[in-house]
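Here's the structure we're looking at; comments come further down.
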Amino acid sequence: MVSVEVLLEDEGANALVGWFAIGTMLLVAGLSVRWTAYLWGCFAVVTAVTAALPPIATRDWKCMVPWSLLVAAAAALLAGAVWPVVEMASFVVITLLAVLVVAEVVAFTPVEMSVRFAVAFAVLTALAVEAVWAVGQYYSDLWWETTFLQSQTELQWDFVLVTVVALVIGSIVRWLGYFETPGGSSA
Amino acid sequence: MPEIRQNSDLLVLTDARERWVVRGLQAILAAIMVYGLATGQLGMASNGALTLSVTFVPAILQRTYGYSMDVGLVLWLTIAVVLHSVGALGPYRDYSWYDNITHTVSASLIAGVGYAVLRALEVHSDEIDVPKAFRGLFIVVFVLAMGIVWELVEFASVVVSDMVGARAPLIVFGIDDIITDLLFNTAGAVVVALWGTESFRGLASFFRRRLRRSRGR
């Protein structure tokens, strides 16, 4: 098996953009709390922490996944904070967070996986995050009097939509060659 | 019916006895299916058929990958689907506590299947190489994801049976039910993750030795 790696041209420049994205995520978190959108705030913090985990753990500020993913996630978080009625934003962030986790596992741990498995696993991770998100929505409704879960059917459609979005974004990630094998090909 | 050769980490049943128990349980499921067909209750029949086919997954895994699932796991899987299937006949409605039993059981069922799939992939495919320390992450993700897939299946089965006019084989009882399922799932995932990373191995062999000693073996 030729294992996937995440390849970077210029680590410094990449990291700068990455930190900027993380900063934006934290900004979104602050705004969300201010606007009493506590669950979204938690979401933004979790994403920011996940993105900052490699540099913090390795004490190397340059140690980051390629910037495009972090910027996309920050943008989606911002969009979801500013236009909370657009549910699509949460599905996109969920999927991007999943891709981020897989990217970090592939780049910074001894785990090895093929490109195909990395993408498939990212989709599964998105479903896993959605499960956590659904539970979060439930308790947010309970404790903070939000109205995330209106009906069972709506929740079930959420599951369907997340799956679809995850498959679409997964295909895009694969097509973009975000995960590559060292030969340069995206198998 | 395949030979399940690999002995269990946790059970002390012999292979032959385990096989008989599983066969007996499969017979119950087959009976439910046949009864449903005979009395024209399509919901019950498909219930029996679906759960019966799930019990053949270990056999398929073995045929395709040469992977012998842990005997205890096979038994657990079979018990879980039987509880589900029998429950749909009445106990779910008649006894509110039955739900709690099956929640716990089905959560570990999904967890067990997730674990089995991961192990099969790891051992018999080139796609992935996971050091033991990281296995927990993969198991948790697999199990949670499969929980969502299960919800999708339940959703689809209701939609389909509505269209066909039959009574749904799997019934969902509202948001609380779904969330409870997901929570139990997570708990099951964590348990299986710990089991998978062999945090329980010491415990399991300790009990096994005690049992053997007490039986004078």
Side-chain angles (χ1 to χ4, degrees), chain A residues 1-4 91 94-95 97-98 101-102 104-106 108-142 147-164 166-167 187, chain B residues 107 110-111 113-114 117-118 120-122 124-159 162 168 170-190 193:
Chain A
M1 164 190 63
V2 189
S3 173
V4 165
F91 302 143
I94 286 172
T95 308
L97 179 57
V101 167
V102 174
E104 289 182 0
V105 166
V106 153
F108 305 126
T109 73
V111 176
E112 292 188 347
M113 52 179 100
S114 62
V115 171
R116 202 168 45 173
F117 190 87
V119 173
F121 188 65
V123 172
L124 288 181
T125 308
L127 296 188
V129 174
E130 165 65 18
V132 175
W133 178 246
V135 173
Q137 286 180 311
Y138 182 77
Y139 282 106
S140 175
D141 284 353
L142 215 56
T147 51
F148 282 119
L149 302 177
Q150 313 260 13
S151 76
Q152 172 198 308
T153 316
E154 190 207 329
L155 177 59
Q156 290 174 308
W157 275 113
D158 280 355
F159 294 153
V160 173
L161 286 174
V162 155
T163 310
V164 170
L167 288 169
Chain B
I110 291 176
V113 171
V117 169
L118 178 67
L121 272 176
E122 262 192 281
H124 296 282
S125 116
D126 274 340
E127 302 278 324
I128 175 176
D129 184 14
V130 183
K132 208 170 277 178
F134 293 95
R135 217 185 265 173
L137 168 71
F138 283 80
I139 290 175
V140 171
V141 166
F142 259 70
V143 172
L144 287 181
M146 238 169 262
I148 296 288
V149 169
W150 180 247
E151 295 298 329
L152 291 174
V153 167
E154 286 189 321
F155 191 29
S157 80
V158 168
V159 168
D162 272 352
L170 302 161
I171 308 168
V172 187
F173 293 104
I175 294 178
D176 289 336
D177 185 51
I178 294 179
I179 297 295
T180 312
D181 274 345
L182 294 178
L183 279 172
F184 270 89
N185 227 29
T186 313
V190 170

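We name chains A, B, ... by the order of the sequence lines, and we start the count at 1 in each one.
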Which region of [X], side chain (C-beta onward) or backbone (N, CA, C, O), has a non-hydrogen atom less than 4.5 Å from a non-hydrogen atom of chain B, or is it both or neither?
{"X": "A:V105", "result": "side chain"}
{"X": "A:L155", "result": "side chain"}
{"X": "A:V132", "result": "side chain"}

Starting at CZ of A:F117, measure out to CD of A:E112 and round the result to the nearest 0.5 Å.
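Spacing of CZ (A:F117) from CD (A:E112) equals 12.5 Å.
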Can you tell me how far apart CE (B:M146) and CG (B:L152) are? Round to the nearest 0.5 Å.
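Going from CE on B:M146 over to CG on B:L152, the span is 12.5 Å.
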Chain A interface, residue from B:A145, B:G147, B:A156 that has the most non-hydrogen pairs under 4.5 Å:
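Of the options given, most contacts go to B:A145.
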Set of residues satisfying side-chain hydrogen bond (donor to acceptor under 3.5 Å, both in side chains) with respect to A:T163, sequence neighbours excluded:
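Counting only residues at least two positions away or on another chain, A:T163 forms no side-chain hydrogen bond (donor to acceptor under 3.5 Å, both in side chains).
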Listed by chain and number, what are the ring-ring contact (aromatic ring centres under 6.0 Å, His included) partners of A:F91, not counting sequence neighbours?
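ring-ring contact (aromatic ring centres under 6.0 Å, His included) list for A:F91, sorted by chain: empty.
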